[in-house]
Amino acid sequence: MTKTFTPARPIWCAGCGDFGVQQALENAMKNLGIEPHETVVVAGIGCSGSLQNNVRCYGYHALHGRVLPTVTGAKLANTDLTVIGVGGDGDGYAIGGGHLMHTLKRNPSVTYIVMNNGTYGLTKGQASPTSPNGYGENIEEDLDPILLGMSIPGSTFLARGYTGQPAQLLELTTAALEHAENGRGFAFLEVLSPCVTYNDTYREWRTDVYDVEQDPDYDASDKVAAFTRLMALRDQGRLPIGLLYRGERPALEEAALNHDFPPLALQDIDPSKLMDKYQQALESFMR
Amino acid sequence: MTKTFTPARPIWCAGCGDFGVQQALENAMKNLGIEPHETVVVAGIGCSGSLQNNVRCYGYHALHGRVLPTVTGAKLANTDLTVIGVGGDGDGYAIGGGHLMHTLKRNPSVTYIVMNNGTYGLTKGQASPTSPNGYGENIEEDLDPILLGMSIPGSTFLARGYTGQPAQLLELTTAALEHAENGRGFAFLEVLSPCVTYNDTYREWRTDVYDVEQDPDYDASDKVAAFTRLMALRDQGRLPIGLLYRGERPALEEAALNHDFPPLALQDIDPSKLMDKYQQALESFMR
Amino acid sequence: MSAENTQPDLEDLNVIVSGQGGDGSLTVVNLLASVLRQNGMSVYTERDVLSRIKGGITAATLRAFSGERFTIGNHIDLLVAFDIDAVPKNRRQLNKNSIVLYDNSGGSLPDGILGDEIRAFGAPLSRQAVKTFRRDIYKNSISFGLIGRILGLPDDTMRVSFESRFKRMGPQIMKYNLDALTVGLGLADELGFVAGKGLYRIQEIERKPHMLITGNEAMAFGFSVAGGRFYAGYPITPSTDVMDWLIKWSPKFGGVVRQAEDELSAINMAIGSALTGTRTMVATCGPGLSLMQEGIGQLGMGEIPLVIVDAQRGGPSTGMPTKPEQSDLNLLVFGGHGDFPRIVLAPGNPEDCFYLTVDACNLSQRYQCPVFIASDQALSQNTATIDPLDLERVVIDQGKRLDADDVSKLDTYKRYLFTEDGVSPYTIPGTPDGMSLVTGNEHDEFGLVSTDPVNRVRMVDKRQMKMKTMLPELPRAGRFGDLESKIGIIGIGMTFGVILEALDTLADRGIDAQYFQPRTLWPMLDETIEFINGCDVVYVVDLNAEGQLAGLFVREGADASRIRKLLHYDGTPIRSDAVVEFVVNDQTQALGAEEVA
Amino acid sequence: MSAENTQPDLEDLNVIVSGQGGDGSLTVVNLLASVLRQNGMSVYTERDVLSRIKGGITAATLRAFSGERFTIGNHIDLLVAFDIDAVPKNRRQLNKNSIVLYDNSGGSLPDGILGDEIRAFGAPLSRQAVKTFRRDIYKNSISFGLIGRILGLPDDTMRVSFESRFKRMGPQIMKYNLDALTVGLGLADELGFVAGKGLYRIQEIERKPHMLITGNEAMAFGFSVAGGRFYAGYPITPSTDVMDWLIKWSPKFGGVVRQAEDELSAINMAIGSALTGTRTMVATCGPGLSLMQEGIGQLGMGEIPLVIVDAQRGGPSTGMPTKPEQSDLNLLVFGGHGDFPRIVLAPGNPEDCFYLTVDACNLSQRYQCPVFIASDQALSQNTATIDPLDLERVVIDQGKRLDADDVSKLDTYKRYLFTEDGVSPYTIPGTPDGMSLVTGNEHDEFGLVSTDPVNRVRMVDKRQMKMKTMLPELPRAGRFGDLESKIGIIGIGMTFGVILEALDTLADRGIDAQYFQPRTLWPMLDETIEFINGCDVVYVVDLNAEGQLAGLFVREGADASRIRKLLHYDGTPIRSDAVVEFVVNDQTQALGAEEVA
Ligand SMILES: Cc1ncc(C[n+]2csc(CCOP(=O)(O)OP(=O)(O)O)c2C)c(N)n1
Ligand SMILES: Cc1ncc(C[n+]2csc(CCOP(=O)(O)OP(=O)(O)O)c2C)c(N)n1
Ligand code: SF4
Ligand code: SF4
Ligand SMILES: [Mg+2]
Ligand SMILES: [Mg+2]
């Protein structure tokens with residue numbers, strides 16, 4: 001077997017939640033039999049944005065905040081690939097916030113895992129969009145990206161996990177990957193992944209999380225009901241986890257591509273293959 | 001009186017909704033007695049982004065999509081000013097989408113009026129984030145920025161008007177300006193403003209709009225109830241107009257500024273004025 | 001030529017149609033272009049619009065000629081004005097032989113607007129349109145009757161071309177337009193423009209097959225034939241036509257076009273696609289290019305291939321969205337923070353646009369770096385007649401791509417392998433055992449983050465080395481005129497056609513110059529510096545205020561004392577007379593100086 | 001000096017403390033710095049960290065000296081290694097007089113890692129810390145006992161400084177740390193480092209008042225004293241400290257700091273603030289600068305004043321976030337599409353940072369354009385000792401600002417009035433009858449959109465004119481060394497201190513050179529080109545791979561044949577021996593060549 005890069009040892013602080021995210025991802029991939037060489041992990045910039053170095057598959061370290069356009073492009077260009085985006089809350093909700101909104105709207109069949117630690121870990125603890133009012137210099141209310149996702153028509157999979165509950169996290173990660181693998185669209189999984197160095201929320205979150213999967217009344221297929229419940233939980237200071245919404249909508253690649261052709265990346269682009277069509281285009285200029 | 005620029009004649013196509021938006025804005029300003037020289041209108045890029053040229057006050061033509069950071073900076077720098085952002089749906093929801101989310105979250109006391117025509121007017125009719133699925137090449141569901149606003153903690157004023165209902169539009173514009181003038185935070189007013197050239201929706205919208213102010217059951221002070229109702233109306237193909245949500249949260253400038261000082265722009269910055277404090281800072285380096 | 005027929009053959013005709021935005025000037029010009037093409041002429045058209053949808057004086061200009069020209073001429077033979085304001089606005093381009101036809105529905109042309117020599121004719125175009133058809137827009141077809149008669153087009157030819165043009169729009173519209181043409185012919189009669197007595201003798205020449213195409217279309221087409229399959233864009237004038245053409249055609253070739261939410265998204269979608277090995281392109285202009293700077297640096301560091309079209313417009317900032325300029329050159333060459341390799345190509349006409357885009361696709365994958373195509377509003381949007389493109393010339397070269405077989409033969413696969421030529425072999429995702437890490441951080445050969453100083457230097461050198469090894473393969477300059485002359489002219493993009501015409505005029509006026517058209521701007525080729533330093537004087541036609549093109553040359557070793565900068569940045573397309581005048585003045589001064597010495 | 005005391009006075013000491021990220025190397029260095037400062041020494045500290053929070057070998061280096069130096073020395077006197085890996089990593093900087101102190105808790109230093117001459121001592125720092133205090137981090141304070149003894153610090157001095165340092169942290173922590181110090185002194189006894197028998201004779205010199213400050217802090221402070229009141233930023237190494245300092249201090253001056261959601265937002269918030277007349281600044285580095293390009297062009301076109309700090313780091317793209325480089329120069333000078341005026345200043349030490357930031361604030365409002373401050377990671381983050389800044393020197397000049405009174409005296413107020421110097425008077429919103437339109441589109445004098453070619457040329461020329469009229473006011477170069485010498489050296493930013501030290505060494509080695517420190521990079525000043533063309537040879541210390549600084553000079557008229565580029569881009573801070581070696585080699589070769597000829 002040809003030797004390629006040896007996955008790196010994680011560079012996270014001992015106790016960082018991101019270890020758990022990586023583990024869940026690797027296990028979910030294994031369980032689903034997703035081939036490493038058919039997988040691309042696209043990571044943002046941040047502590048979280050080093051996960052791709054640690055996993056055996058194709059990896060790409062994107063620009064800060066640009067995970068989502070990148071995975072969208074990669075998926076459209078080669079629908080045979082399993083495309084997974086990972087990154088931090090700063091990466092995904094601050095600088096990348098606009099892309100999140102538009103990717104939810106577009107619904108490409110990719111998985112996106114945000115390691116939400118409510119801080120900018122790598123740049124040493126500034127407030128992120130999910131930092132609570134009062135964290136450091138922060139004077140803004142914390143954003144709930146799942147609520148945001150509920151407000152975007154087109155969103156099809158919204159979930160939240162917690163690294164303190166690894167079994168559920170594995171399930172959610174698996175479900176997210178499956179959603180995307182099955183061409184059902186964009187699987188957005190936020191993981192509460194504490195930063196022990198700058199925002200050690202393990203204790204808080206342990207008591208704050210609220211597992212909707214334990215709640216028989218929670219209906220993850222009804223956006224309005226889910227939104228209502230999530231808002232109520234928020235008011236109670238609870239952090240809902242579990243599969244929070246799943247819906248149906250044609251995936252982007254379904255609607256966008258010409259399915260008479262193989263995936264773009266795999267087409268034989270020798271001009272002779274399509275010479276008649278090129279000729280037709282040429283003639284359109286001759287009229 | 002010193003002569004300054006003569007407001008331009010609008011360059012919009014005859015029948016463009018933006019005429020109505022301008023009129024409402026000018027009248028609202030007049031009604032509220034807002035002084036032109038204490039007002040800055042910051043406009044985006046697009047057909048809508050020429051409004052500032054037509055109004056007598058300070059005007060700034062921002063970069064495409066950057067109206068909201070600009071007005072935030074202007075307001076923080078001089079809280080004495082009335083700061084009004086205007087722009088299009090492409091400007092505000094596509095390239096500017098991330099800023100919208102964060103400005104709602106921040107809640108600066110500025111007014112933001114989006115002339116939503118469901119298209120990119122100035123660049124000749126491409127789909128915008130609010131274009132319906134099927135408009136031109138569009139294969140995405142249309143975004144509802146008001147719903148988005150509901151999902152953002154910190155939002156305090158969400159309204160939608162329609163140029164086909166000018167009386168209400170004037171009221172809503174007035175209410176938005178008042179919200180900001182009274183330091184209650186960010187007043188977001190989306191106006192359905194048809195583009196007669198590329199997306200002539202006058203007829204459609206006339207029947208689709210649903211005035212919540214006529215609905216005694218509509219509670220604009222309850223986010224969850226409002227969200228629920230708006231989602232239901234959306235399913236019915238209706239376009240809710242009126243004051244859709246109003247809430248309370250400290251405005252950004254309240255929380256961010258040191259109120260022992262006058263507005264930043266009006267401070268006397270001669271170093272002698274604060275020499276003791278500068279000296280103190282200097283000494284902090286001498287320890 | 002018989003005595004009674006003093007009409008010359010039509011050899012070079014310049015017509016401008018101007019009015020309020022929305023008046024349909026472009027329609028008239030397009031119609032005229034298609035008629036004249038039927039008659040075997042080459043045509044070149046230009047539009048002058050405003051960054052607004054309706055209103056303001058806009059214009060469309062057509063040049064028809066029997067040879068090959070890629071520019072509008074220095075003066076206008078016929079000005080058609082749908083709005084009286086269009087007359088003074090275009091006066092500068094008229095000369096004593098010019099004819100003005102204007103819509104006098106709103107009144108006659110005030111005295112003194114035109115010199116006495118210029119013949120001006122008023123006709124109630126709009127009034128007739130509204131009266132007869134209840135729609136102002138029919139003034140276009142009405143005007144056409146007058147225009148045809150003035151030029152000498154047989155009435156039948158006009159009718160036939162109307163029929164073929166409006167066929168697709170249904171019988172009703174066809175009828176109205178033919179009727180409008182008849183109204184126009186009637187007005188022509190009234191004004192004494194009799195059939196067969198026009199300005200020119202228009203003969204049916206045999207029509208050679210040719211294409212009428214813009215630079216934007218040619219780039220989009222070239223990209224497609226070169227196997228380009230993913231295009232991400234965000235609308236911006238004057239680049240949007242690239243997207244428009246691809247939206248229409250790319251799916252037929254199996255490709256896809258995505259309109260992103262902004263340029264940051266566009267270039268990062270493009271990066272995602274490029275990572276899969278798919279040939280990918282974006283097109284934009286200044287504001288978008290500025291927003292893409294971070295992505296461009298990422299291409300450099302990550303060694304990711306991408307073709308980036310910049311259809312330059314008046315800057316800085318939002319500037320003048322519809323006006324031609326070449327003031328992004330510095331940004332193209334020096335943009336992005338840090339040092340990284342890049343290629344900047346500069347086509348001069350649509351044919352060049354096509355083939356250079358093909359080259360760009362190949363170079364981007366061979367050298368795994370961003371390849372820019374520096375166009376400008378005029379080159380991108382003006383239509384020109386070119387010989388049919390030779391699709392057989394298109395050869396695909398994806399560089400050092402490894403497939404599964406290749407990989408299986410390796411002991412170790414390293415995405416950023418140190419090699420002598422600086423180019424590392426690459427796999428695409430999906431290739432078994434070809435896993436790699438691609439990153440914008442400094443990295444080791446495997447793509448793992450590294451700040452080791454020794455590795456750092458080797459990696460930087462490896463990337464910079466590509467700029468050297470690519471040199472022999474980069475597109476060479478076009479050379480025109482008297483190749484022995486010590487008087488050189490340099491210009492790129494839209495100035496190509498302008499300088500070629502200037503060469504002819506200069507030759508007529510006794511100055512034999514040569515034109516060097518650099519087709520690779522960066523890395524700077526030796527041939528360019530050698531050309532400059534081998535001339536006595538080189539006129540650099542620089543469509544910007546700062547002399548950006550000349551600045552590049554000097555930085556790279558050109559002798560500044562030989563360079564004269566012709567800076568043009570008023571937002572109008574430069575014409576050949578500006579070049580001629582500049583050269584002649586300078587040469588005369590030089591002569592003068594010599595005589596004194 | 002008595003016979004029994006062979007200890008030299010402490011004149012120049014370089015100590016590196018290195019370990020795993022999180023080991024607290026910086027704490028030890030800071031403590032040492034404060035002790036040595038108490039003893040009247042000047043200090044300079046540098047940190048070498050990785051772009052990760054914990055782990056990997058990082059280091060902090062301290063230089064203490066009796067004179068003035070703005071760089072770390074060429075070799076290290078004492079290496080303190082908390083991790084054995086830190087020893088080989090720093091070996092290159094050791095020489096035969098160096099001492100190594102390492103933590104042997106995990107085992108002894110393998111043989112052969114160091115040359116025989118170098119004295120290495122192991123002590124169980126971590127083991128002792130965990131044993132005694134149950135927390136590894138106390139190894140810092142333990143090590144300090146050893147370090148102090150090695151250097152010759154009296155035990156009492158150490159204790160006193162511990163007391164003052166830990167006072168604020170409560171009695172418990174103070175006690176633990178003092179105990180740890182005692183443990184360290186015990187270990188020192190075991191190793192034979194006896195009190196009073198250290199390397200140096202450390203005398204209490206009279207302590208002159210001075211500041212210990214980084215470039216980032218100095219820029220933030222300069223901005224504040226110059227009346228800067230609005231700062232918008234987005235965290236990015238190595239610029240974040242600017243924001244951190246301002247978060248702490250600016251509110252006390254009535255100012256505000258906003259952390260934006262990204263750099264696009266940051267620069268546009270800044271624009272919003274600047275439009276109100278508030279003095280405004282942003283700080284970032286490469287990736288952020290790339291993202292700000294569109295905003296920067298807007299400043300140019302709209303004539304909006306803003307100060308932009310670029311703390312350059314290893315590029316391109318994400319590059320090497322914590323490493324110094326100067327490879328954004330091209331982007332600073334040529335970034336943004338289109339032609340527009342800008343100023344690029346280049347400070348060389350924290351004092352320079354302070355005063356040039358004040359200048360930047362004034363220039364930005366006088367000339368209504370972006371003013372960049374080109375810093376680099378080392379200049380921005382290293383701490384240096386400087387004389388107390390003279391706050392009285394700070395003078396505010398807001399340029400042609402009109403208040404209500406001024407406006408009322410005008411017939412007409414035009415925001416973009418054509419003036420001879422290119423600078424138009426401006427009002428701020430709130431001024432009655434001072435209404436204006438500010439725009440990124442080309443515009444007429446009132447700010448109304450215009451594409452009129454005549455207006456266009458005048459507007460471009462007006463803006464470009466500012467680049468001329470500002471010339472006399474731009475900060476002039478620093479000149480050092482033998483001002484008659486025909487051997488020149490040029491460098492900016494962190495190379496300031498390096499070149500100054502190199503000058504001394506070169507002089508010692510018989511080469512008298514002069515150092516020209518350009519403090520204005522753009523527009524290029526005549527003095528710079530004249531300096532280069534007046535020398536026989538000029539060594540340009542260019543911290544990038546492409547020779548960006550040299551390229552600028554050549555473009556602007558410098559004779560390329562006189563320039564030798566010393567390119568340094570391995571991510572390490574350059575040291576003076578690299579400069580010395582480069583110059584000496586080149587001079588020797590030149591001499592050799594002359595001898596042959
Ligand atoms: C354009 C740009 N701006 C800023 C940075 C600096 N930066 C690196 S990581 C980061 C934020 C990290 O926060 P988050 O995404 O939450 O990741 P975490 O470290 O918490 O996992 C920032 C601002 C950058 N790399 N690029
Ligand atoms: C960075 C950048 N990208 C693209 C453009 C081109 N552009 C101008 S206006 C516009 C969209 C206009 O749409 P919208 O905001 O809805 O305004 P409307 O014209 O419909 O009022 C675009 C894409 C630009 N000016 N700047
Ligand atoms: S700083 Fe926080 S987010 Fe980063 S590795 Fe450490 S614990 Fe994890
Ligand atoms: S194109 Fe549409 S949006 Fe623009 S001015 Fe005309 S009607 Fe209004
Ligand atoms: Mg985070
Ligand atoms: Mg719109």
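If you're wondering where the values come from, they're calculated on a predicted model, not measured in any experiment. Below, chain A is the first sequence line, B the second, and so on; all start at residue 1.
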Query - Heavy-atom contact with chain C under 4.5 Å, split by part of D:Gln548 - result: both
Query raised in the report: chain C heavy atoms under 4.5 Å from D:Leu50: which part of the residue, side chain, backbone, both or neither?
Result: side chain
Query raised in the report: Which answer fits D:Leu264, side chain, backbone, both or neither, if we ask what part of it has an atom under 4.5 Å from a heavy atom of chain C?
Result: side chain
Report task. Sort D:Thr451 into side chain, backbone, both or neither according to what part of it lies under 4.5 angstrom from a heavy atom of chain C. Result -> both
Query - chain D contact via C:Ser450 - side chain, backbone, both or neither, heavy atoms under 4.5 Å - result: backbone
Query raised in the report: Passes salt bridge (Lys or Arg N to Asp or Glu O under 4.0 Å), C:Glu546 versus D:Arg555? Steps please.
Result: CA-CA 12 Å; C:Glu546 219 261 336; D:Arg555 185 186 192 274; 2.8 Å; yes
Report task. Pick whichever of C:Asp339, C:Thr318, C:Leu331 has the most heavy-atom pairs under 4.5 Å with chain D. Result -> C:Asp339
**Report entry** Side chain proximity check, D:Asp461 to C:Tyr569, heavy atoms < 4.5 angstrom
**Finding:** yes
Report summary line: When the 4.5 angstrom heavy-atom criterion is applied to C:Arg463 and chain D, the contacting part is side chain
Query - Contacting region of D:Gln464 [heavy-atom separation from chain C under 4.5 Å] - result: side chain
Report task. Under 4.5 Å heavy-atom distance to chain C, tell me which part of D:Ala560 shows up: side chain, backbone, both or neither. Result -> neither
Query raised in the report: Given a strict heavy-atom distance threshold of 4.5 Å, which part of C:Glu325 is in contact with chain D: side chain, backbone, both, or neither?
Result: side chain
Report summary line: Given the options D:Glu294, D:Met301, D:Glu442, C:Ser317 meets side chain to side chain contact (heavy atoms under 4.5 Å, CB included) only with D:Met301
Report summary line: Assert top hit (heavy-atom pairs under 4.5 Å, partner chain D, pool C:Gly315, C:Gly297, C:Gly440, C:Gly314) equals C:Gly440
